[in-house]
Amino acid sequence: MGYSYNPKSLCADEFINDEEIQETLAYADAHKNDLQLCYDILEKCKPHLHPANEHGAMITHREASVLLACENKGVNDAIKKLAHDIKQAYYGNRIVLFAPLYLSNYCVNGCLYCPYHAKNREIPRRKLTQDEIRAEVIALQDMGHKRLAIEAGEDPKHNPIEYILESMNTIYSIKHKNGSIRRVNVNIAATTVDEYRMLKEAEIGTYILFQETYNKEGYKRLHPTGPKSDYNWHTEAMDRAMEGGIDDVGLGVLFGLEGYRYEFAGLIMHAEHLEAVHGVGPHTISVPRVKPAMDIDPDVFDNGISDEMFEKIIALIRITVPYTGMIISTREGQKVREHALQYGISQISGGSRTSVGGYTEAARPHDTEQFDVSDQRTLDEIISWLIEQEHVPSFCTACYRAGRTGDRFMSFCKNGQILNYCHPNALITLAEYLVDYATPETFQKGFELLEREMYKIKDDNRRHQCVEAIYAIVHEGKR
Ligand code: SAM
């Protein structure tokens, strides 16, 4: 049966409509050398440079795809410059930090790119007990983390929803030294509305689910067995999550599996669909690239993209979905992350280990790892590197705790309020990090940055409050 494109439909075949994507790619090829059109599209993004004054519309997946196809250097430089400026306008120079926490690598799926696949007999299967979770979380808190993304394979017997809920409860309940984990994002397989409702009640932060690929044919080939092989069930998961009351959802494509132009159009269409149906787009978009991993045949992912194209995709996501948080993980090395931060990334992981139980081991374990980590620096090294580039590392979770999620966060963000509120809060959480966890060198650099940044807060009252709060953290031990 043929499906037609309908962004408001709840059927994946209609909102990620293959025919519409094919036509989009043909349209982009036909117009990619029309420089006037490319610059006109860029012009449409410019209201986003002033989010507090103007409400710019999003450019469409077709327009964004024309920019992606365009090979003109002038246009490509203009895309990166605009992405940089839009990131600054919405998010300033703040970069939020988090760490993944792998709970279990038991999995019943057959994903061809993932070493957790059910047929892998070489990988030692492991699932953390609540005591082990406690030990991992304390190790993460000892680094300074306040925000985690929990990860688990799909296995109804070993990792049922009750296990995930109990683990979230354990994580939130740990009080250690100067605080606790304040936001737990969850990356688990697509599930039912009832289970999403339970995650909401357990105070989930963002529900993250990578699409892997939007290309239905490719998806079926890459996911031959297990519940994840159902493309529509997987692709419609965010609608069920929202129906279950989760208003912050995180999209992502695993770049390298299928053609990047198809993926890019699908990703933007997914964001358009969430806006059209729920009135709120994705809270975050992640841009993982597939990595070599144990027992994985590299020929199953031969659509790898160059670093340059990867950076362009990041810049284009930023200008197309300007208010959405963008995440880059330690799958990428220092150089790529450095560039990506310039073009729109707003969240990064640091000090990550992708093995189950990895944070409590002295040396980085590889046997239960999901993929090779390229950026192996410690959290303190990451913080120091961010500071050197004039980014403000942030551990802030105030929006979440103040109930600013979903459409409330989006209107806050679309009105350019992030800078007024988040900047002082980010500085305060950085001061806490520096006092509690930093090495003396990072402490020194960090306080020099704080001094420069505090004086950028325009509102006298807020600046004064910020200076007082930081004084109390340093001199009175307040948190
Ligand atoms: N089980 C959940 C699901 O089915 O969506 C998600 C958890 S999985 C631990 C998190 C993500 O890791 C996957 O969605 C996939 O995109 C990514 N991943 C799997 N294998 C990878 C590889 N070889 N390189 C990079 N990322 C990979």
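Ligands are counted one by one from 1 in listed order, and the atoms in each one are counted from 1 as well.
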Consider only side-chain N and O atoms of Glu272 and His61, and report whether a donor and an acceptor are under 3.5 Å apart. yes

Element-labelled atoms of ligand 1 that are located less than 4.0 Å from some non-hydrogen atom of Leu209: 5 (O)

Atoms of ligand 1, numbered as shown, that sit under 4.0 Å from any heavy atom of Asn187: 6 (C), 7 (C), 10 (C)

N or O pair under 3.5 Å between Tyr113 and ligand 1: yes

Lys228: numbered ligand 1 atoms lying under 4.0 Å from its heavy atoms: 3 (C), 4 (O), 5 (O)

Quick check: are there more than 12 heavy atoms from other residues, nucleotides or ligands sitting under 6.0 Å from CD of Glu23? yes

Parallel, tilted or perpendicular, judged at 30° and 60°: which one describes the rings of His273 and Phe15? parallel

Counting N and O atoms only, with roles assigned by atom type, does the side chain of Asn120 sit under 3.5 Å from a partner on the main chain of Pro115, one being a donor and the other an acceptor? yes

Tell me which protein heavy atom sits closest to atom 17 (C) of ligand 1, plus the residue, atom name and distance to 0.1 Å. Arg331 NH2, 3.4 Å

Would you mind running through ligand 1 and noting each atom that sits below 4.0 Å from a heavy atom of Cys114? 19 (C), 20 (N)

Geometric N/O contact Tyr116 with ligand 1, under 3.5 angstrom: no

Find all atoms of ligand 1 within a distance of less than 4.0 Å from any non-hydrogen atom belonging to Glu151, and give their numbers and elements. 7 (C), 9 (C), 10 (C)

Return a yes/no value for Ala152: is any of its N or O atoms, backbone included, closer than 3.5 angstrom to an N or O of ligand 1? yes

Give the atoms of ligand 1, by number and element, whose distance to some non-hydrogen atom of Arg289 is under 4.0 Å. 25 (C)

Mind checking whether Pro288 has a heavy atom under 4.0 Å from ligand 1? no

Looking only at side chains, do Asp247 and His278 share a donor and an acceptor under 3.5 Å apart? no

Tell me, which protein residue and heavy-atom name are nearest atom 24 (N) of ligand 1, and how many Å apart are they? Lys291 N, 2.9 Å

Are a donor atom and an acceptor atom from the side chains of Gln211 and Thr235 found within less than 3.5 Å of each other? yes

Check whether Arg183 reaches the backbone of Ala149 with its side chain - one donor and one acceptor, N or O, closer than 3.5 Å. no

Any side-chain donor near an acceptor of the partner, Thr60 and Arg62, under 3.5 Å: no

Which protein non-hydrogen atom lies closest to atom 11 (C) of ligand 1, naming both residue and atom, and how far is it? Phe210 CD1, 3.8 Å

Above 12 or not: heavy atoms from other molecules or residues under 6.0 Å from CD of Glu308? no

Indicate yes or no: does an N/O atom of Glu212 lie under 3.5 Å from an N/O atom of ligand 1? yes

Looking only at protein heavy atoms, what sits closest to atom 9 (C) of ligand 1 is Gln370 NE2, 3.2 Å

Should the ring pair Tyr433 and Phe395 be called parallel, tilted or perpendicular, given that the plane angle runs from 0 to 90° and is split at 30 and 60? parallel

